[in-house]
Amino acid sequence: MSLITPRTLKGFRDYVPSSMMPRERLIETAKRVYRSYGFSPIDTPALEYLEVLQGKGSDETDRQLYQFVDHGGRAVGLRFDLTVPLARFVAQHASELGMPFKRYHVATVWRGENTQRGRYREFMQCDFDTIGTQSVVADIETALVIHDLMLAIGFDQFTICVNNRLVLNGLLEKLGLAAQATAILRALDKLAKIGAENVLEEMQQQAQATRAQAQQVLQLAALRGTADEVLQQLDTILAGSANGAAGAESLRQVLSGVRAAGVPDTRVKLDLSIARGLDYYTGTIFETYLGPLPTIGSVCSGGRYDNLAGLFTKQHLPGIGASLGLDRLLAAMEELGMVEKVATPASVLLTYFAPDHLPAYLQLAAQLRAAGLRVELYPEAKRLGQQLKYADQRGFRVALVAGDDEWARRTCQVKDLRTGESQEVNLDPDAEPVAQAIHAILSSDLPAPEEH
RNA sequence: GUGGAUGUAGCUCAGCUGGUUAGAGCACUGGAUUGUGGAUCCAGGUGUCGGGGGUUCGAAUCCCCUCAUCCACCCCA
């Protein structure tokens, strides 16, 4: 009989415990930060009617859509982001949700594009959005959530780049380039990557702009100085454009709001060259880059869209939100050595080598779990050295050793696997002294207990 | 989707323009050590040389196809 080769599809991956545990921890961190701002969880189906998904982004996103005909003859597709399903969701449930509506959504999305480092065909996004308000407070909070999120994950060097589509659109209107806005912005977005000269070329070729027009667009992106200085220069450049002025004013409020909340200027920066590819953004836009690893791309991006659900409902639903690229972020953390190699969620291994006392082992493990500890009982009475080696390699923090002698004395050895030190502790009453000794070891290497 | 590179042990990698019976360092298993891990020593699995087909007396090596990974374009998280 011939065996089937075990394999996974291109861009799709398995997650072994040592990669799944940091992944789950990251998800928990993101959810905790979202909840701290009052965002509530939702979920939607992976599969949607094709008409719900199609034609919402660019032609490119349509090409990347996984689509097929289901058993009932329906044209369906796998969601390629969480924003389009949100639009459908909000349009369908607006009356029972109430506005403004703040939700987070952590789920898998699929894109049939070519793979690269940090780019997969199946990956997870952690979105949060505020729907139903045009207040700049929502824009400010979006930036603050991204900021808190990056800090909570463990980064201290990162940059949240902020821009506003109205500023760009305002300039393009003044230059008579409004019709070619998409092509112009797409070229501008590549500034950091391909340089000014190439961007000028592309704007002329792809967007039929004159060289003078293209240079004026680039001039905007080249403004230097503090945010305040740049905004001041913007006012003169955009003079006469209502859209441009509104965009500049919004940027001013976002930046000062973020500063008022205590975020240092080094972390939130005005960057007039970021444009975002997705067409539905209409106001503030965000991109987040890691200081030590900018080449992996933006790990958290988003922006304001003033008519999210226009294709699904006549109700006007503005919104703003952002998406954390969980898998891209994990790829970066892996590369930066920020992922701890631990293969067990438990911290205590109860070694086992006196089978006559099995009931006592089981009772001790149960008592410790009741005290809130994660305890694994080794299933075989193998040599103690081997069990300790297992504990060491899996990343256990504490090993418990009890054999005939200890059971007779009603004690148990509590071994700190990091220092190698062992202490003999009384089992009675209810294994409480043992639990306390373990807690003491565990708390010794937690600098700040996390709040839940 | 287009173009380029790569694929040898669990991992990181040698292997000359076809030629005896395939390698190194860590990781893995057992023993020296029937109750105290990371070390040392010995013994050893370390292998469809990505997969399939072709050329050849003979293919890890050459050719074709295929799959996967990485890079660039495109796009984006």
Side-chain angles (χ1 to χ4, degrees), chain A residues 2-13 16 18 30 57-65 80-83 106-127 146 182 186-187 189-190 193-194 198 202 206 274-279 281 286-290 295-302 322-332 335 341 349 351-355 378 381-407 413-424:
Chain A
S2 71
L3 295 172
I4 298 165
T5 307
R7 56 186 185 152
T8 51
L9 285 167
K10 178 188 179 74
F12 290 69
R13 298 161 303 152
V16 296
S18 61
S58 55
D59 295 347
E60 187 62 27
T61 53
D62 283 355
R63 266 197 295 277
Q64 293 179 1
L65 207 55
F80 72 94
D81 71 6
L82 300 178
T83 304
V106 176
T108 307
V109 302
W110 294 268
R111 293 182 192 177
E113 65 173 334
N114 241 344
T115 54
Q116 246 175 68
R117 180 183 58 156
R119 297 177 69 161
Y120 312 100
R121 289 185 170 175
E122 179 182 64
F123 60 99
M124 189 162 269
Q125 291 194 322
C126 308
D127 275 34
I146 297 174
T182 304
R186 192 164 289 164
D189 206 36
K190 296 177 192 166
K193 209 168 193 174
I194 65 176
N198 290 321
E202 186 168 332
Q206 302 296 322
I274 66 163
R276 304 286 310 131
L278 292 172
D279 296 335
Y281 291 117
F286 299 104
E287 287 194 355
T288 310
Y289 293 93
L290 302 175
T295 54
I296 200 140
S298 174
V299 294
C300 190
S301 308
S323 180
L324 178 74
L326 187 93
D327 292 282
R328 178 173 287 185
L329 193 60
L330 275 168
E335 195 163 326
K341 281 285 173 209
L349 180 75
T351 60
Y352 173 58
F353 57 90
Y378 198 84
K382 289 220 286 191
R383 252 180 33 217
L384 185 57
Q386 288 181 359
Q387 297 190 43
L388 290 174
K389 195 172 180 183
Y390 170 89
D392 180 51
Q393 287 165 343
R394 296 296 167 106
F396 284 91
R397 186 69 181 80
V398 174
L400 300 180
V401 180
D404 293 333
D405 301 343
E406 286 84 358
W407 293 125
Q413 288 183 42
V414 178
K415 187 177 176 69
D416 183 330
L417 288 170
R418 200 163 296 169
T419 65
E421 287 166 13
S422 186
Q423 52 180 314
E424 191 161 340

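Naming: A, B, ... by sequence-line order, numbering from 1 per chain.
No engagement by D327(A) is indicated, since no non-hydrogen atom pair under 4.0 Å with the nucleic acid exists. At a threshold of 4.0 angstrom between heavy atoms, the contacts of G385(A) are confined to the sugar-phosphate backbone, with no base atom among them. No contact: E421(A) has no heavy atom under 4.0 Å from any strand. Among the protein residues, G420(A) comes within range of the nucleic acid bases, having at least one heavy atom under 4.0 Å from a base atom. Counting any heavy atom pair closer than 4.0 Å across all strands shown, V299(A) reaches sugar-phosphate atoms only and no base atom.
Spacing of P atoms, U8(B) relative to U48(B), comes out at 11 Å, to the nearest Å. Going from the C1' atom of A14(B) to that of G25(B) covers 12 Å, rounded to whole Å. Taking atom P in both U21(B) and G58(B), the straight-line distance is 14 Å, to the nearest Å. As rounded to the nearest Å, A5(B) and A59(B) have P atoms that lie 26 Å from one another. The gap from the C1' atom of G4(B) to that of C16(B) amounts to 25 Å, rounded to the nearest Å. Using atom P as the reference point in both C49(B) and A22(B), the two lie 12 Å apart (nearest Å). Of the C1' atoms belonging to G30(B) and A72(B), the separation is 50 Å, rounded to the nearest Å. A distance of about 14 Å separates the C1' atoms of C11(B) and G47(B), rounded to the whole Å.
Atoms CG (L417(A)) and P (G38(B)) sit 12 Å apart, rounded to a whole Å. Distance, D405(A) CG to U34(B) C1': 14 Å, rounded to whole Å. The CZ-C1' distance, from R111(A) to A77(B), rounds to 6 Å in whole Å. Protein atom CD of E122(A) is 21 Å distant from nucleotide atom P of C76(B), rounded to whole Å. Taking atom CG of residue D416(A) and atom C1' of nucleotide U36(B), one finds them 14 Å apart after rounding to whole Å. The separation between L330(A) atom CG and A77(B) atom C1' is 12 Å, rounded to whole Å. With rounding to whole Å, L400(A) atom CG is found 15 Å from G37(B) atom C1'. In this structure, Q64(A) atom CD and G1(B) atom P are separated by 12 Å, rounded to whole Å.
Between the side chain of R111(A) and the main chain of F80(A), a donor-acceptor pair closer than 3.5 Å is present. Not one N or O on the side chain of E122(A) forms a donor-acceptor pair closer than 3.5 Å with the backbone of R13(A). Between the S298(A) side chain and the T288(A) main chain, a donor and an acceptor come within less than 3.5 Å of each other.
Counting all heavy atoms, side chain and backbone alike, F353(A) lies closest to A381(A) at CA-CB, 3.9 Å. L417(A) and F396(A) get closest at one heavy-atom pair: CD1-O, 3.5 Å. For N114(A) against R119(A), the heavy-atom pair with the smallest separation is O-NE, 4.5 Å. Closest approach of T115(A) to G11(A), counting heavy atoms only: CG2-CA, 3.5 Å. Residues T351(A) and L400(A) come closest through the heavy atom pair OG1-O, 2.7 Å. Of all non-hydrogen atoms in F12(A) and T8(A), the two that sit nearest each other are O-OG1, 3.4 Å.
L349(A) places none of its side-chain heavy atoms less than 4.5 Å from the side chain of L388(A).
Base pairing annotation: U40(B) forms a Watson-Crick or G-U wobble pair with A32(B), both donor-acceptor distances under 3.5 Å. A 3.5 Å limit on both hydrogen-bonding distances identifies no Watson-Crick or G-U partner for A22(B). Nucleotide G58(B) forms no Watson-Crick or G-U wobble pair with any nucleotide shown, as no partner meets the under 3.5 Å limit on both distances. Under the Watson-Crick and G-U wobble criteria, each requiring two contacts below 3.5 Å, nucleotide A5(B) is paired to U69(B). The partner of G47(B) cannot be assigned: no Watson-Crick or G-U wobble pair with both contacts below 3.5 Å exists in any strand. Base pairing of C74(B) is not made with any nucleotide, judged by Watson-Crick or G-U wobble geometry with both donor-acceptor distances under 3.5 Å.
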### Message
Using a 4.0 Å heavy-atom cut-off to protein, can you give one letter per nucleotide of nucleotides 66-73 of chain B, 5' to 3': B if the base is in contact, S if only the sugar-phosphate is, - if neither?
### Response
--SSSSBS

#### Entry: Summary of protein contacts for nucleotides 25-33 of chain B, nucleotide by nucleotide, where a base hit scores B, a sugar-phosphate-only hit scores S (4.0 Å, heavy atoms)
---S-SS-S

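RNA chain B is contacted by both D392(A) and E202(A); D392(A) maps to the nucleotide lying nearer its 5′ end (nearest heavy atom per residue). Mapping S422(A) and L326(A) onto RNA chain B by nearest heavy atom places S422(A) at the nucleotide closer to the 5' end.
Between the side chain of Q387(A) and the base of G35(B), no donor-acceptor pair of N or O atoms lies under 3.5 Å.
Look at F353(A) and the base of G35(B); the rings do not stack under the cut-offs of 5.5 Å between centres and 30° between planes.
Shown here is K10(A), whose NZ atom has more than 12 heavy atoms of other residues, nucleotides or ligands within 6.0 Å.
Between Q413(A) and the choices E406(A), E424(A), Q423(A), the side chain to side chain donor-acceptor pair (under 3.5 Å) rule is met once, by E406(A).
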